[in-house]
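To start, the structure under review is shown below, and the notes come after it.
Every number for a ligand or one of its atoms is a count from 1 in the order of the listing.
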Amino acid sequence: MINLVLFGPPGSGKGTQAKLIVNHHGLIHISTGDVFRKNIKDNTALGQLARSYMDKGQLVPDQVTIDLLSSELDSCSESKGFIFDGFPRTILQAQNLDVLMDNKNMDISMVISLEVSENELVKRLLNRGLDSGRADDKDEGVIRNRIQVYENQTSVLKKYYSEKLENAFFSIDGERNIDDIFSDIKKILVKYKIDI
Ligand code: AMP
């Protein structure tokens with residue numbers, strides 16, 4: 001079983017790369033952002049709560065997000081492994097993920113961090129906002145707030161995972177074309193004898 005955390009700021013390409021890995025390998029892709037958006041579409045109570053944070057570019061509270069992730073994991077217990085996209089985003093979430101994985105006798109196999117400059121992120125997100133239908137991609141102020149939240153609360157996880165996983169934390173240049181980035185990810189997975 002392989003459990004991969006795809007890490008990076010909003011707009012760094014986590015979702016795009018996750019889909020490519022899933023197509024080639026069949027891991028289960030868990031994107032907390034996607035699950036929140038599905039709840040918003042279905043107008044659930046969770047969706048309404050999540051929306052009040054997402055529209056401002058803020059994080060949904062930790063406990064809400066951790067509970068969501070936990071139930072997603074429970075609902076896919078037969079998986080060959082998971083790709084976590086957009087989770088964890090805080091130290092508390094990372095600590096809780098460790099406990100959740102421990103309880104299931106699983107662990108995080110590797111973390112791949114996509115590095116992209118702020119100017120490029122803003123450009124990509126505004127561009128995505130033209131047809132994604134995502135409210136949080138339309139407003140430059142909200143976009144910059146999301147990047148700031150990443151810098152303040154999430155980027156510290158690079159240190160957390162590089163210390164915890166030692167040889168299984170990889171930082172790659174995400175400011176290139178999709179295929180070149182995917183090719184680097186494949187090399188990392190192959191090195192770990194993951195057939196992809
Ligand atoms: P994403 O699709 O990953 O860019 O997430 C979109 C939005 O969903 C974020 O800006 C947050 O408001 C919320 N969200 C997604 N994942 C998390 C998380 N792990 N913790 C808190 N909020 C999250």
Side-chain angles (χ1 to χ4, degrees), residues 3-22 28-76 82-101 108 111-116 118 120-158 160-161 174 178:
N3 298 303
L4 165 66
V5 174
L6 265 183
F7 188 82
S12 57
K14 302 183 295 295
T16 304
Q17 295 299 328
K19 286 188 186 86
L20 288 171
I21 299 169
V22 168
I28 290 187
H29 175 199
I30 301 185
S31 154
T32 39
D34 283 353
V35 183
F36 285 136
R37 280 184 289 277
K38 166 104 178 48
N39 275 274
I40 291 173
K41 195 161 157 258
D42 296 344
N43 202 22
T44 66
L46 172 65
Q48 287 174 13
L49 176 81
R51 182 176 199 156
S52 64
Y53 294 93
M54 291 166 77
D55 281 356
K56 292 184 228 139
Q58 296 168 351
L59 294 184
V60 177
D62 274 335
Q63 201 53 55
V64 175
T65 312
I66 291 161
D67 290 347
L68 175 92
L69 195 275
S70 170
S71 72
E72 286 293 307
L73 274 179
D74 285 343
S75 67
C76 323
F82 295 94
I83 303 174
F84 297 105
D85 159 9
F87 187 98
R89 266 174 150 106
T90 64
I91 291 276
L92 190 71
Q93 291 182 16
Q95 289 165 339
N96 275 270
L97 181 59
D98 290 341
V99 174
L100 285 172
M101 302 294 269
I108 295 176
V111 174
I112 298 180
S113 173
L114 300 172
E115 311 295 339
V116 179
E118 175 162 353
E120 173 70 13
L121 294 172
V122 173
K123 206 167 75 188
R124 285 185 190 179
L125 290 170
L126 282 172
N127 200 33
R128 187 169 78 183
L130 296 177
D131 50 25
S132 70
R134 281 181 57 167
D136 60 348
D137 283 346
K138 288 203 184 331
D139 180 309
E140 185 167 338
V142 173
I143 288 174
R144 291 207 183 263
N145 195 32
R146 287 159 65 201
I147 296 170
Q148 200 56 53
V149 166
Y150 171 82
E151 291 301 336
N152 294 345
Q153 298 187 58
T154 309
S155 63
V156 63
L157 291 177
K158 287 198 249 183
Y160 179 88
Y161 281 122
I178 291 171

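The side chain to side chain donor-acceptor pair (under 3.5 Å) analysis of residues 120-130, with sequence neighbours excluded, yields the pairs Glu120-Lys123, Glu120-Arg124, Arg128-Asp137.
The nearest pair of heavy atoms linking Pro88 to Leu97 is CD-CD2, 4.0 Å.
Asp139 meets the salt bridge (Lys or Arg N to Asp or Glu O under 4.0 Å) test with no other residue; sequence neighbours excluded. Partners of Glu115 by side-chain hydrogen bond (donor to acceptor under 3.5 Å, both in side chains), not counting sequence neighbours, listed by chain and number: Ser113, Lys158, Ser171.
Distance check, rounded to the nearest 0.5 Å: CG of Leu49 to CZ of Phe36 gives 8.0 Å.
A donor-acceptor pair under 3.5 Å is formed between the side chain of Gln17 and the backbone N or O of Ile178.
Within 4.0 Å of ligand 1, the residues that place a heavy atom are Thr32, Gly33, Phe36, Arg37, Met54, Gln58, Leu59, Val60, Thr65, Gly86, Phe87, Arg89, Gln93, Arg134, Asp136, Arg146, listed by chain and number.
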